[in-house]
Novice: 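Below is a structure I'd like to ask you about.
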Number of protein chains: 2
Amino acid sequence: MIKMKLDKSNHLDLIFAALSDKTRRRILMLLLEDDMSVTDIAEPFDTSLAAISKHLIVLEKAGLISRERKGRISWCKILPDALRDAVIWIESFGQVQPFNLDALEEFIALNLKGNI
Amino acid sequence: MIKMKLDKSNHLDLIFAALSDKTRRRILMLLLEDDMSVTDIAEPFDTSLAAISKHLIVLEKAGLISRERKGRISWCKILPDALRDAVIWIESFGQVQPFNLDALEEFIALNLKGNI
DNA sequence: TTTTAATTCAACCATGTGGTTGAGGAACAA
DNA sequence: TTGTTCCTCAACCACATGGTTGAATTAAAA
């Protein structure tokens, strides 16, 4: 179990820092589909397993995923309220756009091509 | 003028990295009130002017603020769509659950054909 | 038991980051 | 002209980050 979130501000640091890396964003997208083992997560990436393992630790410390060890396998899953604090901060910023179909469509197109 | 945003993914890197620092988040909040000079922005902080100046450069490169030099004074302001890409990413993340990704794609496909 | 597989740890490297101080360059004030 | 103010740049420092490889740990398989 990870010790965290003494301080909200520091938690925001961790969330945004975790999201600032393309590999970690891709990992989160993968985990949207299903819970996965570390090896499976690493499969589509061109980096070492150790590097992916470190990314997962960053994501866990930011409270975005949890890891549960079952036997040899460490199952990773997205936490339900992962982005909650980030969303609250961004909303408090007051610039949140209403639901934007064009942007979303573009996003999904890129995402499906693996560009995000 | 800053050269940027060749690549959306890299832009997200810059935005989230910019937001991952508490000082920079505070600066953004300050700028929500009004456009400000660098010296005025630095006033409430306990760090050097040079450090604040560097933070502003980070925010500018991330496309979150603009700086316009008028005489000696560099006026900083928040860009209107500053957090747009971040919001899109986060919103999509929240909505594109496994079950609803297909539906969303279908919706967009229909929309592209003018059926909605 | 021996081997193989899944994951992490340790040590290392190159680079980035946030901070400092001090030296300027421009623009305004006296 | 001579200061003075606003800001940036350059050099430096300590530390974090993302990557590597190789060893160690743990659990399953043979």
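All heavy atoms count here, side chains included; hydrogens, waters and symmetry mates do not.
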Novice: Atom CG of B/L56 and atom C1' of C/dT17: how far apart are they, to the nearest Å?
Specialist: 16 Å
Novice: Nearest whole angstrom, please: distance from the P of C/dA6 to the NZ of A/K54.
Specialist: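 Rounding to the nearest Å, NZ of A/K54 and P of C/dA6 are 21 Å apart.
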Novice: Under 4.0 Å, heavy atoms only, any strand: does B/T47 hit a base, just the sugar-phosphate, or nothing?
Specialist: sugar-phosphate
Novice: Distance check needed: D/dG18 P versus A/L19 CG, whole Å only.
Specialist: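 Taking CG of A/L19 and P of D/dG18, I get 12 Å after rounding.
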Novice: Measure from NZ on A/K61 to P on D/dG18 and round the result to the nearest Å.
Specialist: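 A/K61 atom NZ is separated from D/dG18 atom P by 12 Å.
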Novice: Hydrophobic cluster membership, with links at side-chain heavy-atom distances under 4.5 Å among I/L/V/M/F/W/Y: are A/I88 and A/I90 in one?
Specialist: no
Novice: Assign each of B/S37 and A/V58 to its nearest nucleotide of DNA chain D by heavy atoms, then name whichever residue's nucleotide is nearer the 5' end.
Specialist: B/S37
Novice: Roughly how many Å is it from CG in B/L49 to P in C/dG18, rounded to a whole number?
Specialist: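 Computing the B/L49:CG to C/dG18:P distance gives 17 Å.
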Novice: Check nucleotides 22-30 of chain D for protein N or O atoms closer than 3.5 Å to its own N or O atoms and list the pairs.
Specialist:
none

Novice: How long is the line joining CG of A/D21 and P of D/dA16, in whole Å?
Specialist: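 Distance, rounded to whole Å: 18 Å.
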Novice: How long is the line joining CG of B/D13 and C1' of C/dG16, in whole Å?
Specialist: 13 Å
Novice: Looking at D/dC7, C/dG19, C/dT7, which one has an atom nearest to any side-chain atom of A/S74?
Specialist: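 Nucleotide nearest to A/S74's side chain: C/dT7.
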Novice: Would you say a side-chain N or O of B/H55 is under 4.0 Å from OP1 or OP2 of C/dT17?
Specialist: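 Checking B/H55 against C/dT17: no side-chain N or O falls below 4.0 Å of OP1 or OP2.
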Novice: Could you tell me whether the side chain of A/D81 and the main chain of A/R84 form a donor-acceptor pair under 3.5 Å?
Specialist: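 No; judged by distance alone, with no hydrogens or angles, the pair does not exist.
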Novice: Using the closest heavy atom to pick a nucleotide of DNA chain D for each, name whichever of B/V38 or A/D46 lands nearer the 5' end.
Specialist: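 Taking each residue's closest nucleotide, the earlier one in sequence belongs to B/V38.
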Novice: I'd like to know if the side chain of B/R24 and the backbone of B/A18 have a donor-acceptor N/O pair within less than 3.5 Å.
Specialist: yes
Novice: If you assign A/T39 and B/A17 each to the DNA chain C nucleotide with the nearest heavy atom, which residue ends up on the more 5' nucleotide?
Specialist: A/T39
Novice: May I ask you to list the residues sharing a hydrophobic cluster with A/W75, side-chain cutoff 4.5 Å, ordered by chain and number?
Specialist: A/I73
Novice: To the closest 0.5 Å, what do you measure between OG (A/S48) and NZ (A/K54)?
Specialist: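 Here the interatomic distance stands at 8.0 Å.
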Novice: Grab the CZ-P distance between B/F45 and C/dT20 for me, whole Å please.
Specialist: 12 Å
Novice: Would you mind listing every salt bridge (Lys or Arg N to Asp or Glu O under 4.0 Å) that reaches into residues 10-19 of chain B, with sequence neighbours excluded?
Specialist: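 Qualifying pairs, neighbours excluded: A/R25-B/D13.
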Novice: Output the single nucleotide from C/dG18, C/dT7, D/dT20 whose closest atom is nearest the side chain of A/A51.
Specialist: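 Shortest atom-to-atom distance from the side chain points to D/dT20.
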Novice: Should B/S53 be listed as having a side-chain N or O under 4.0 Å from OP1 or OP2 of D/dC7?
Specialist: no
Novice: Counting the atoms with a prime plus P, OP1 and OP2 as sugar-phosphate, which does B/I73 contact under 4.0 Å by heavy atoms, base, sugar-phosphate, or nothing?
Specialist: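 Answer is sugar-phosphate: B/I73 comes under 4.0 Å of backbone atoms only.
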Novice: Side chains of B/I65 and B/L28: closer than 4.5 Å at any heavy-atom pair?
Specialist: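 Touching, per the 4.5 Å side-chain cut-off.
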